[in-house]
There are 2 protein chains.
Amino acid sequence: MIACTKCGKVETIVKSGFVRGKQRLYCKDCELYFSVNPPNPSTNKKPHQTTIVDIAKTLGISPSTVSRALNNSQEINENTRNEVIRVANELDYRPNLLAQSLHRGETHTIGVVIPDIQRPFFAGVVAGIQKVASEAGYRVMICQSNESHNTETLNVQALMASRVDGLLISHTKETNSFEHIKLHLRKGIPIVHFDRVCDELETAKVIQEDFEGSFALVEHLIKQGCRRIAACAGPEDLLISQKRLNGYKAALQKYDLPIETDLIFHSSFKKEDSLNALNNWLELSQRPDGIFTVHYANAIEMIMSLKQKGIKIPDEIALAAFGDDLLASMIEPSLTVYNQFPFTVGQEAATILIDNIINKEIFVPFTKVIKGELIVRQSSNKI
Amino acid sequence: MIACTKCGKVETIVKSGFVRGKQRLYCKDCELYFSVNPPNPSTNKKPHQTTIVDIAKTLGISPSTVSRALNNSQEINENTRNEVIRVANELDYRPNLLAQSLHRGETHTIGVVIPDIQRPFFAGVVAGIQKVASEAGYRVMICQSNESHNTETLNVQALMASRVDGLLISHTKETNSFEHIKLHLRKGIPIVHFDRVCDELETAKVIQEDFEGSFALVEHLIKQGCRRIAACAGPEDLLISQKRLNGYKAALQKYDLPIETDLIFHSSFKKEDSLNALNNWLELSQRPDGIFTVHYANAIEMIMSLKQKGIKIPDEIALAAFGDDLLASMIEPSLTVYNQFPFTVGQEAATILIDNIINKEIFVPFTKVIKGELIVRQSSNKI
DNA sequence: TCATCTATCGCAAACGTTTCCGAAAACGTA
DNA sequence: TACGTTTTCGGAAACGTTTGCGATAGATGA
């Protein structure tokens with residue numbers, strides 16, 4: 001009366017001892033061992049994702065055997081394995097990653113916290129991260145802090161609650177305490193900083209040539225003949241702002257140009273800020289003849305304003321800025337920039353993080369610098 | 001010899017019967033009941049995330065009581081609850097969302113599949129999705145298909161394996177079979193389409209005014225005096241391309257203008273495509289005097305090329321395109337566009353999806369149209 | 001004094017996997 | 001026939017949480 005779970009035949013079945021009190025059977029045709037469960041015909045449950053238990057029941061074997069069959073275990077009969085795979089395909093089995101993650105203690109997911117995905121730099125970084133992550137079999141969970149320290153903290157907590165295997169983060173411009181990071185760092189969770197990093201934490205970091213880049217931009221302006229170069233820096237707390245400002249100062253010093261506080265403005269990346277700065281500079285008795293901004297968007301806003309005012313670029317004022325974008329190349333005059341290769345930044349950061357995750361014990365934090373590139377365009381090309 | 005788990009005193013402890021064979025104790029000071037576990041001093045395990053079991057052990061109560069204390073259950077003593085909360089804070093307890101999700105059968109996570117996060121439209125959509133999702137307590141998992149149907153399928157599978165509660169998707173431009181979606185739709189997983197939707201599936205959809213938008217753009221060009229308007233359409237398979245092309249044709253028909261196949265080009269959004277199309281049109285015996293493109297990037301590429309060739313915009317050729325971006329407003333001449341409000345699209349899509357998730361039984365799919373806005377700029381302003 | 005009620009709490013099952021441990025059959029050897 | 005070995009599999013625990021089902025002690029009432 002009992003049929004083979006594979007071929008369905010009855011006449012080929014012979015009893016073959018007992019396993020843990022359950023009658024064990026053997027199909028001579030299929031060379032397959034299995035045991036019988038009391039058939040439960042009234043289990044018309046609602047449709048659900050099939051589990052290894054479902055597979056086990058239809059084949060009359062145990063879930064552990066199914067698990068072994070699907071995980072390339074050595075200690076399993078080839079016939080059984082094939083049967084399991086057949087039924088798994090038939091029932092469209094998909095392993096429940098939640099259960100796997102819970103058991104293994106790892107989710108194969110990395111968390112990303114960025115200030116704003118709508119900024120091309122971060123969108124590029126995210127794209128780079130996703131490329132590397134998906135190639136390595138990791139999923140990506142992205143959160144935006146919207147430049148709010150509080151939101152950033154909540155984001156980090158949420159990602160940690162989801163038990164991400166590691167974290168990639170670029171801080172808010174208002175972030176100057178890092179307790180929300182330290183907490184998890186102490187628990188041993190791999191964290192990699194990029195772009196807006198934090199020096200007081202012992203994490204791996206991916207940064208750009210902030211100093212070198214602004215130095216190159218400002219030196220370029222000087223070589224084009226500028227002698228009074230104004231700087232639109234970022235928020236004072238932000239580390240990369242400081243570095244970029246230092247590059248600006250170093251370039252001036254190299255060419256024996258004075259550093260004038262009148263010409264240095266700390267913006268918070270808002271449009272009003274850059275226009276205020278510009279207007280202040282234009283009202284000085286001695287106008288600047290060059291402008292360096294740490295964010296290309298500020299430079300573009302200034303270009304638009306300068307054009308309205310009828311001030312000639314680059315003849316009266318030349319501009320150069322950090323960060324490239326299609327927009328920088330397409331406005332008139334096109335903007336001289338220092339390209340940061342955001343996609344590369346993302347790729348590197350993800351690569352390092354995954355390395356940190358896999359080799360957690362022997363990993364030692366280090367800092368990777370992504371080389372940038374000076375792209376000279378019309379806004380500074382006087383010659 | 002036994003001390004209270006709260007105040008630590010020994011003299012206030014009295015025996016208070018048994019619970020399931022375990023000695024129950026009572027602290028007269030704290031009015032707290034608890035029982036004792038055999039102390040296990042040699043459990044110096046490696047540091048790990050604290051669990052409710054850890055809390056239970058330090059307090060001498062059972063995990064279920066801890067769970068009830070942390071979940072606002074009614075049937076628990078207030079003193080016990082407070083103690084649990086105190087210890088939970090002390091040990092920095094964070095609930096393991098994996099375990100919760102596994103038990104509850106829901107992850108409070110929604111999956112998003114988009115072609116390319118670096119395109120401002122999709123970045124805006126994602127930002128809108130994240131805003132709504134985080135406000136509703138949902139996390140967001142984002143995948144890029146990179147316009148590859150195969151990658152899209154893998155993305156969907158990965159998200160489903162992670163047991164996301166719902167899916168937001170905008171299809172690849174090469175996607176014209178939808179088995180990978182149907183499969184999961186049959187299993188009852190809420191799916192909402194946006195932008196590049198699919199008519200053959202019974203899902204909720206968030207779309208733009210594709211027909212009305214291109215109609216408005218083309219009608220605007222006609223009113224500016226254009227009589228031979230070329231169209232740079234999208235991939236033929238893409239539904240929104242067809243709709244937008246229909247809007248173009250309808251506008252021509254309304255004003256009794258002929259539809260000339262010479263003037264219709266199907267691009268795949270690549271730069272070469274748009275330049276090829278432009279060059280073909282310019283070589284016609286009768287050049288077009290207006291160009292409509294379904295993607296603003298194509299229009300911008302054409303503007304750059306036209307300027308190089310010395311062709312005057314809008315006098316010789318006027319342009320108007322779908323989709324707004326900062327770039328469109330800043331190039332010269334600035335580009336007339338039909339703004340799609342990507343952020344709103346994302347917000348609406350997420351809202352509908354979450355509604356679908358929560359009210360799964362009574363939800364009926366519908367289509368929401370996000371109204372757009374014609375923004376007239378220099379590229380078409382002849383008057 | 002006894003039975004009943006209420007307030008708390010513990011046990012165990014469940015979610016879906018993986019894996020250690022052991023058990024039995026089959027096989028090989030003497 | 002009597003062993004030991006190999007092959008193959010099942011049971012059960014574990015991951016961390018929630019929850020139905022009791023169980024107990026103290027309070028209440030008769």
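Small disclaimer: the values here were computed from a predicted structure and weren't measured. Below, chains carry the letters A, B, ... as their sequence lines are ordered, and counting in each starts from 1.
Nucleotide C:dT18 holds its C1' atom 14 Å from the CG atom of A:Asn72, rounded to whole Å. The distance between atom CD1 of B:Ile55 and atom C1' of D:dG16, rounded to the nearest whole Å, is 12 Å. B:Leu59 places its CG atom 17 Å from the P atom of C:dT8, with the value rounded to the nearest Å. Residue B:Glu106 contributes atom CD, which lies 14 Å from atom P of C:dG16 at whole-angstrom precision. Atom CD of B:Gln74 and atom P of C:dC9 are 13 Å apart (whole Å). Rounded to an integer number of Å, the gap from CG of A:Leu102 to C1' of D:dA14 is 9 Å. Rounded to whole Å, atom P of C:dG10 lies 6 Å from atom CD1 of B:Ile61. The nearest whole Å value for the distance from the CD1 atom in B:Ile52 to the C1' atom in C:dG10 is 13 Å.
Of the two residues near DNA chain D, B:Glu75 and B:His103, the one whose nearest nucleotide lies more 5' is B:His103.
Side-chain contact, A:His193 with A:His171: a donor N or O sits under 3.5 Å from an acceptor N or O. Counted by atom type alone, A:Ser101 and A:Arg163 present zero donor-acceptor pairs between their side chains at under 3.5 Å.
A 6.0 Å sphere centred on CD of A:Glu90 holds more than 12 heavy atoms belonging to other residues, nucleotides or ligands.
Just one residue in the list A:Val112, A:Thr175, A:Ile191 forms a side-chain contact (heavy atoms from CB on, under 4.5 Å) with A:Ile169, and that residue is A:Ile191.
Taking side-chain N and O atoms only, B:Gln100 has no distance below 4.0 Å to OP1 or OP2 of D:dG16. Considering only side-chain N and O atoms, A:Asn96 lies nowhere under 4.0 angstrom from the phosphate OP1 or OP2 of C:dC15. Put simply, A:Ser62 has a side-chain N or O that comes within less than 4.0 Å of OP1 or OP2 on D:dG10. Using a 4.0 Å cut-off, some side-chain N or O of B:Ser67 falls inside it from OP1 or OP2 of D:dT18. Remark: A:Arg104 is in phosphate contact with C:dT18, judged by side-chain N or O atoms under 4.0 Å from OP1 or OP2. Distances shorter than 4.0 Å separate none of the side-chain N or O atoms of A:Asn77 from OP1 or OP2 on D:dT7.
B:Ile76 comes within contact range of the sugar-phosphate backbone alone, with a heavy-atom separation under 4.0 Å but no base atom that close.
The nucleotide whose nearest atom lies closest to any side-chain atom of A:Ser64 is, among D:dA12, C:dC11, D:dG16, D:dA12. Closest contact between the side chain of B:Asn71 and the listed nucleotides C:dT17, D:dT18, D:dG10 involves D:dT18.
In the interface, the side chain of B:Arg68 is paired with the base of C:dG10 through a donor and an acceptor atom under 3.5 Å apart. Judged by atom type and distance alone, A:Arg163 does not reach the base of D:dG16 through any side-chain donor-acceptor pair under 3.5 Å.
A donor-acceptor pair is defined here as one N or O able to donate and one able to accept, closer than 3.5 Å; such a pair exists between the side chain of A:Gln130 and the backbone of B:Ile142.
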